Amino acid sequence: MERCAHLLVNDPELYKGCWLNSFGYSELRVEIGCGKGGFLAKAAAAQPDVLFVALEKSANVLVIALERAVDADLPNIRFVNMFAENLSSLFAPGEVSRIYINFCDPWPSNRHAKRRLTCQSFLEMYKQILNDSGQLYFKTDSLPLFEFSLREFERSDFSLIEVTRDLHKNGPVGIMTEYEQKFYAQSLPIFQCVAVLSAERTCSFK
């Protein structure tokens with residue numbers, strides 16, 4: 001952890017509204033629940049001019065993601081050991097250009113629906129921190145969670161510009177997480193949607 005300390009932000013609330021100025025980047029993207037950081041490392045390497053801030057609540061898992069970022073020499077990543085419920089205390093309105101939610105806990109029980117990262121209360125929080133052209137990328141292997149999420153996006157007045165129920169049907173698309181690579185190897189479908197704040201965009205279904 002000491003070797004990776006420069007990428008771990010212990011007082012993230014102090015950067016609210018000034019992440020870009022503080023770290024010298026022009027665009028801010030956030031991954032909620034980065035896990036071991038496989039997706040994050042590849043995304044940051046492909047976009048060196050973008051600042052990526054990753055939230056992960058599990059300290060044990062976060063250490064692996066930190067080590068991966070340090071080993072790959074990725075200065076455009078910062079990590080926060082915190083859960084998504086505190087998101088609005090970390091980012092100012094309109095500060096974030098994109099949010100990634102990859103394979104979050106589906107919380108299958110109906111009594112736990114409010115814990116799902118795509119429930120309406122979370123979506124309203126995401127709307128606050130996204131800028132006018134902001135995007136939310138959501139991927140899951142859970143069809144019930146995906147269908148639930150589509151309804152919640154509609155309730156929260158997001159527009160869906162992409163909805164696909166078998167993302168890798170014709171071969172790998174985009175950057176995969178560790179989970180996603182396993183699912184793809186097993187020929188299991190991956191569900192993805194991309195949501196935007198503008199209500200005037202047209203949804204394309206695949």
Side-chain angles (χ1 to χ4, degrees), residues 1-92 94-106 117-118 122 125-126 129-131 134-141 167-168 172-185 190 192 194:
M1 183 67 79
E2 183 177 349
R3 183 171 70 96
C4 308
H6 63 290
L7 297 184
L8 182 63
V9 181
N10 292 312
D11 49 0
E13 295 87 353
L14 298 180
Y15 292 94
K16 182 176 181 178
C18 59
W19 284 94
L20 295 176
N21 288 337
S22 297
F23 296 102
Y25 293 89
S26 59
E27 182 182 351
L28 173 61
R29 299 183 184 181
V30 174
E31 184 179 12
I32 301 175
C34 69
K36 297 178 181 179
F39 170 86
L40 182 69
K42 293 176 184 177
Q47 300 284 337
D49 297 328
V50 174
L51 175 63
F52 289 82
V53 176
L55 274 68
E56 175 55 53
K57 63 180 180 178
S58 171
N60 292 333
V61 173
L62 184 59
V63 170
I64 298 174
L66 279 161
E67 291 177 340
R68 175 172 271 159
V70 170
D71 291 342
D73 191 21
L74 297 170
N76 58 326
I77 300 178
R78 291 298 182 274
F79 294 90
V80 178
N81 186 195
M82 192 175 289
F83 188 59
E85 289 176 341
N86 303 299
L87 205 63
S88 58
S89 69
L90 309 185
F91 306 103
E95 190 171 18
V96 177
S97 68
R98 185 177 296 181
I99 295 173
Y100 299 99
I101 303 175
N102 294 317
F103 301 94
C104 59
D105 192 329
L117 291 179
T118 52
F122 278 110
M125 184 167 50
Y126 306 151
I129 67 172
L130 284 170
N131 60 34
Q135 301 173 320
L136 194 160
Y137 278 68
F138 171 60
K139 283 196 287 190
T140 182
D141 62 311
L167 180 62
H168 307 301
V173 175
I175 298 172
M176 291 191 188
T177 70
E178 291 93 337
Y179 282 121
E180 196 170 357
Q181 291 171 348
K182 294 178 181 178
F183 298 145
Y184 177 71
I190 302 299
Q192 176 176 277
V194 180

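All figures in this text were calculated on a predicted structure; none of them were measured in a lab. Index from 1, following the sequence.
- Separating the CG atom in Leu62 from the CE atom in Met82 is a distance of 11.5 Å, to the nearest 0.5 Å.
- Rounded to the nearest 0.5 angstrom, Ile99 CD1 and Met125 CE are separated by 8.5 Å.
- Checking side-chain atoms of Asn76 against main-chain N and O of Leu51 turns up no donor-acceptor pair under 3.5 Å.
- No side-chain heavy atom of Ser97 sits under 4.5 Å from any side-chain heavy atom of Gln135.
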- Task: Before giving the answer on side-chain contact (heavy atoms from CB on, under 4.5 Å), spell out for Val63 and Val61 the whole-Å C-alpha distance, their side-chain angles and the decisive distance to 0.1 Å.
- Result: CA-CA 5 Å; Val63 170; Val61 173; over 6 Å; no

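- Counted within 6.0 Å of NZ on Lys182, heavy atoms from surrounding residues, nucleotides or ligands total 12 or fewer; the atom is thus considered open.
- Applying the salt bridge (Lys or Arg N to Asp or Glu O under 4.0 Å) test to residues at least two apart or on different chains, none of the pairs has a partner in residues 46-65.
- Aromatic rings from Tyr15 and Phe91 are positioned such that their centres are separated by 6.0 Å or more.
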- Report the C-alpha separation of Phe39 and Cys34 in whole Å, then their side-chain angles, then the decisive distance to 0.1 Å, and conclude whether the side-chain contact (heavy atoms from CB on, under 4.5 Å) test is met. CA-CA 8 Å; Phe39 170 86; Cys34 69; over 6 Å; no

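- Looking at every heavy atom in both residues, Ser89 comes nearest to Asn86 through OG-O, 2.6 Å.
- Look at Arg3 and Asp71 and you find a salt bridge, because one of the NZ, NE, NH1 or NH2 atoms lies within 4.0 Å of a carboxylate O, short of that distance.
- Closest heavy-atom contact between Cys18 and Glu95: N-OE2, 3.2 Å.
- Residue Tyr179 holds its OH atom at 10.5 Å from CZ of Phe103, rounded to the nearest 0.5 Å.
- Aromatic ring orientation, Phe52 versus Tyr100: parallel (interplanar angle below 30°, classes split at 30° and 60°).
- Under a 3.5 Å cut-off, the side chain of Asn102 and the backbone N or O of Phe138 do not form any donor-acceptor pair.
- Of all non-hydrogen atoms in Ile190 and His168, the two that sit nearest each other are CG1-CD2, 3.7 Å.
- Atoms OG1 and CD1, on Thr118 and Ile101 in that order, are 6.5 Å from each other to the nearest 0.5 Å.
- For the atom pair Leu167 CG and Asp141 CG, the distance stands at 12.5 Å (nearest 0.5 Å).
- Closest of all the heavy-atom pairs between Trp19 and Val80 is CH2-CG2, 4.3 Å.
- Residues Ala92 and Gly17 share a closest heavy-atom pair of CB-CA, 3.6 Å.
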- Item | Pair Leu87-Leu55, side-chain contact (heavy atoms from CB on, under 4.5 Å): steps then yes or no | CA-CA 9 Å; Leu87 205 63; Leu55 274 68; 3.6 Å; yes

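- Residues Asn131 and Gly94 approach most closely at CB-O, 3.3 Å, considering heavy atoms.
- Annotation: salt bridge (Lys or Arg N to Asp or Glu O under 4.0 Å) contacts involving residues 26-45, sequence neighbours excluded, comprise Glu27-Arg29.
- Note that the OG1 atom of Thr177 and the CG atom of Leu40 stand 12.0 Å from one another [nearest 0.5 Å].
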